[in-house]
There are 2 protein chains.
Amino acid sequence: MMTEMDILSEDLNNAGLRSTLPRLRILKILEESRVRHLSVEDLYDELRQENQAVSLATIYRVLSQFVDAGLVVRHQFEGNKAMYELNDDEHHDHMVCLKCGTVIEFMDQKIEVLQKQVADDHEFEMQDHSLTLFGICKFCQ
Amino acid sequence: MMTEMDILSEDLNNAGLRSTLPRLRILKILEESRVRHLSVEDLYDELRQENQAVSLATIYRVLSQFVDAGLVVRHQFEGNKAMYELNDDEHHDHMVCLKCGTVIEFMDQKIEVLQKQVADDHEFEMQDHSLTLFGICKFCQ
DNA sequence: GTCCGTGCAAAGGATTTGCATAATC
DNA sequence: GATTATGCAAATCCTTTGCACGGAC
């Protein structure tokens with residue numbers, strides 16, 4: 001029988017990456033985290049709390065590999081630090097609460113279509129896009 | 001009669017800022033630049049080419065004051081460095097060419113309305129938003 | 001003359017990189 | 001055993017800050 005770790009391990013192999021403990025643990029956190037969007041520091045803290053730290057250099061390297069492999073998406077919202085989330089191939093956009101930092105996801109097909117249209121109007125070959133709303137979430141109001 | 005510099009000088013005063021040479025020169029470049037979105041380094045190079053350099057520290061400070069005063073808008077597209085553009089109070093979004101780095105502006109009222117609607121649906125008090133399309137511009141295709 | 005602005009150099013945070021060691025296949 | 005990953009520390013990039021001097025009002 002396949003343990004949870006075996007499955008994660010296969011995910012890594014399918015992505016063309018060797019299955020190592022730091023990679024497995026990082027992927028596991030990204031999959032199971034209650035909060036979907038994590039910073040490098042979030043991951044670092046989480047890993048350290050599991051009583052076995054992973055160096056920052058490794059976290060950066062692993063995340064970068066995950067992004068290249070398409071396992072993870074990197075976001076650069078406002079501020080300096082990047083945020084990472086699992087890539088589940090379902091595109092969505094974000095609302096970021098300026099008070100508590102919470103990130104809410106949403107998806108609006110009409111907006112998606114209009115974006116494509118605007119790009120076409122400018123003969124712009126769109127490869128990707130990012131839409132982020134900044135404001136105050138309902139719990140912080 | 002008012003020279004161009006006098007007008008810029010008044011703009012600064014209206015924004016509550018003393019009129020100094022570095023500020024005037026930076027504002028002038030932002031107003032007259034062929035390219036609308038400039039990085040700190042772009043400004044630094046431009047200022048240096050005018051045979052009188054302005055220190056990076058000052059450029060950062062001045063831009064930050066301009067942003068606070070509402071004269072300028074700061075964008076954090078992908079990559080690390082921020083881009084600055086004059087605030088003409090007309091909101092617009094951006095397309096960024098991944099090859100040549102050109103930034104194209106656009107504005108779509110329908111998208112704007114839909115964004116507001118999505119925010120309302122989530123009881124999210126939207127204060128600002130940013131929409132950026134990434135791809136290849138028509139000249140680079 | 002007082003107050004604010006600037007330059008310089010040092011500090012800061014996020015991220016990357018070189019190299020020796022350790023793990024995976 | 002060969003190849004790839006990791007940790008550590010140093011380096012890099014962008015940006016901010018402390019302090020002494022110079023300019024604006």
Side-chain angles (χ1 to χ4, degrees), chain A residues 5-6 8-29 37-45 47-48 50-69 71-84 101, chain B residues 5-6 8-29 37-45 47-48 50-69 71-84 101:
Chain A
M5 277 308 187
D6 288 338
L8 291 176
S9 185
E10 273 202 356
D11 289 346
L12 287 177
N13 289 330
N14 292 339
L17 294 169
R18 276 193 188 177
S19 157
T20 68
L21 193 51
R23 285 184 186 149
L24 285 169
R25 292 175 63 209
I26 291 172
L27 188 55
K28 184 162 185 290
I29 292 172
H37 301 78
L38 297 170
S39 68
V40 168
E41 210 186 336
D42 293 336
L43 284 164
Y44 181 71
D45 291 343
L47 289 162
R48 207 173 28 176
E50 296 176 358
N51 73 44
Q52 185 173 7
V54 173
S55 76
L56 282 172
T58 296
I59 299 177
Y60 277 109
R61 274 185 290 229
V62 167
L63 285 174
S64 160
Q65 292 153 353
F66 283 3
V67 170
D68 290 345
L71 289 175
V72 158
V73 180
R74 176 194 157 124
H75 298 288
Q76 185 85 45
F77 299 131
E78 297 296 291
N80 313 314
K81 46 188 162 218
M83 301 292 275
Y84 297 84
Chain B
M5 277 309 188
D6 289 338
L8 290 176
S9 184
E10 274 202 355
D11 289 345
L12 286 177
N13 288 331
N14 291 340
L17 294 170
R18 278 194 187 175
S19 158
T20 67
L21 193 50
R23 285 182 186 151
L24 284 169
R25 293 175 63 211
I26 290 172
L27 188 55
K28 185 163 185 287
I29 292 173
H37 300 79
L38 297 170
S39 67
V40 169
E41 209 187 338
D42 293 337
L43 284 163
Y44 181 73
D45 291 343
L47 289 162
R48 206 172 31 175
E50 296 175 359
N51 73 44
Q52 188 174 6
V54 173
S55 76
L56 283 172
T58 296
I59 300 178
Y60 277 109
R61 273 186 290 232
V62 167
L63 285 174
S64 160
Q65 291 153 352
F66 284 4
V67 171
D68 289 346
L71 290 175
V72 157
V73 180
R74 176 194 158 124
H75 298 287
Q76 185 86 44
F77 298 131
E78 296 297 290
N80 313 312
K81 49 187 161 218
M83 301 293 275
Y84 296 85

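These figures come from a predicted structure and were not determined experimentally. Every chain is numbered from 1 and lettered A, B, ... according to where its sequence line falls, protein lines coming before strand lines.
- For Arg74(A), there are no salt bridge (charged side-chain N to carboxylate O under 4.0 Å, His left out) partners, not counting sequence neighbours.
- Rounded to whole Å, atom C1' of dT16(D) lies 18 Å from atom NZ of Lys81(B).
- Computed from coordinates, the Gln52(A) CD to dT6(D) C1' distance equals 12 Å when rounded to whole Å.
- With sequence neighbours left out, Asp68(A) forms a salt bridge (charged side-chain N to carboxylate O under 4.0 Å, His left out) with no residue at all.
- As a whole-Å value, the separation of Gln65(A) CD from dT6(D) C1' is 11 Å.
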Validation: residues 51-62 of chain B side-chain donor-acceptor distances under 3.5 Å, sequence neighbours left out:
unit_1, atom_1, unit_2, atom_2, d
Ser55(B), OG, Thr58(B), N, 3.2
Ser55(B), OG, Thr58(B), OG1, 3.1

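- Every side-chain hydrogen bond (donor to acceptor under 3.5 Å, both in side chains) that Ser9(A) has, sequence neighbours left out, goes to Ser19(A).
- A 4.5 Å side-chain heavy-atom check between Tyr84(A) and Asp42(A) finds every atom pair outside the cut-off.
- Listed by first and then second residue, the salt bridge (charged side-chain N to carboxylate O under 4.0 Å, His left out) pairs that reach into residues 11-26 of chain A are Arg25(A)-Glu50(A), sequence neighbours excluded.
- A straight line from OH of Tyr44(A) to C1' of dT16(C) spans 17 Å, rounded to a whole angstrom.
- When rounded to the nearest whole Å, the span between CG of Asp68(B) and P of dT16(D) equals 11 Å.
- In this structure, Glu41(A) places its CD atom 10 Å from P of dG13(C), rounding to the nearest Å.
- What separates CD of Glu78(A) from P of dT15(D) is a distance of 13 Å, to the nearest Å.
- When the C1' atoms of four end pairs are superposed on the next four at each end of the helix from dG13(C)-dC13(D) to dC25(C)-dG1(D), using five pairs per end, the two resulting axes differ in direction by 30°, to 10°.
- Remark: Phe77(A) engages His75(A), His94(A) in a ring-ring contact (aromatic ring centres under 6.0 Å, His included) (not counting sequence neighbours).
- Take Glu10(A) and apply the salt bridge (charged side-chain N to carboxylate O under 4.0 Å, His left out) test, not counting sequence neighbours, and it matches no residue.
- Less than 4.0 Å separates DNA chain D from at least one heavy atom of each of the following residues of residues 12-24 of chain A: Arg18(A), Thr20(A), Pro22(A), Arg23(A).
- Contacts between residues 56-64 of chain B and DNA chain D, defined by a heavy-atom separation below 4.0 Å, involve Ala57(B), Tyr60(B), Arg61(B), listed by number.
- With values rounded to the nearest 0.5 angstrom, Lys28(B) atom NZ is found 13.0 Å from Ile26(B) atom CD1.
- The distance from atom CG of Asp45(A) to atom P of dA14(C) is 12 Å, rounded to the nearest whole Å.
- Residues meeting the side-chain hydrogen bond (donor to acceptor under 3.5 Å, both in side chains) test with Asn13(B), sequence neighbours left out: none.
- For Tyr44(B), there are no ring-ring contact (aromatic ring centres under 6.0 Å, His included) partners at least two apart in sequence or on another chain.
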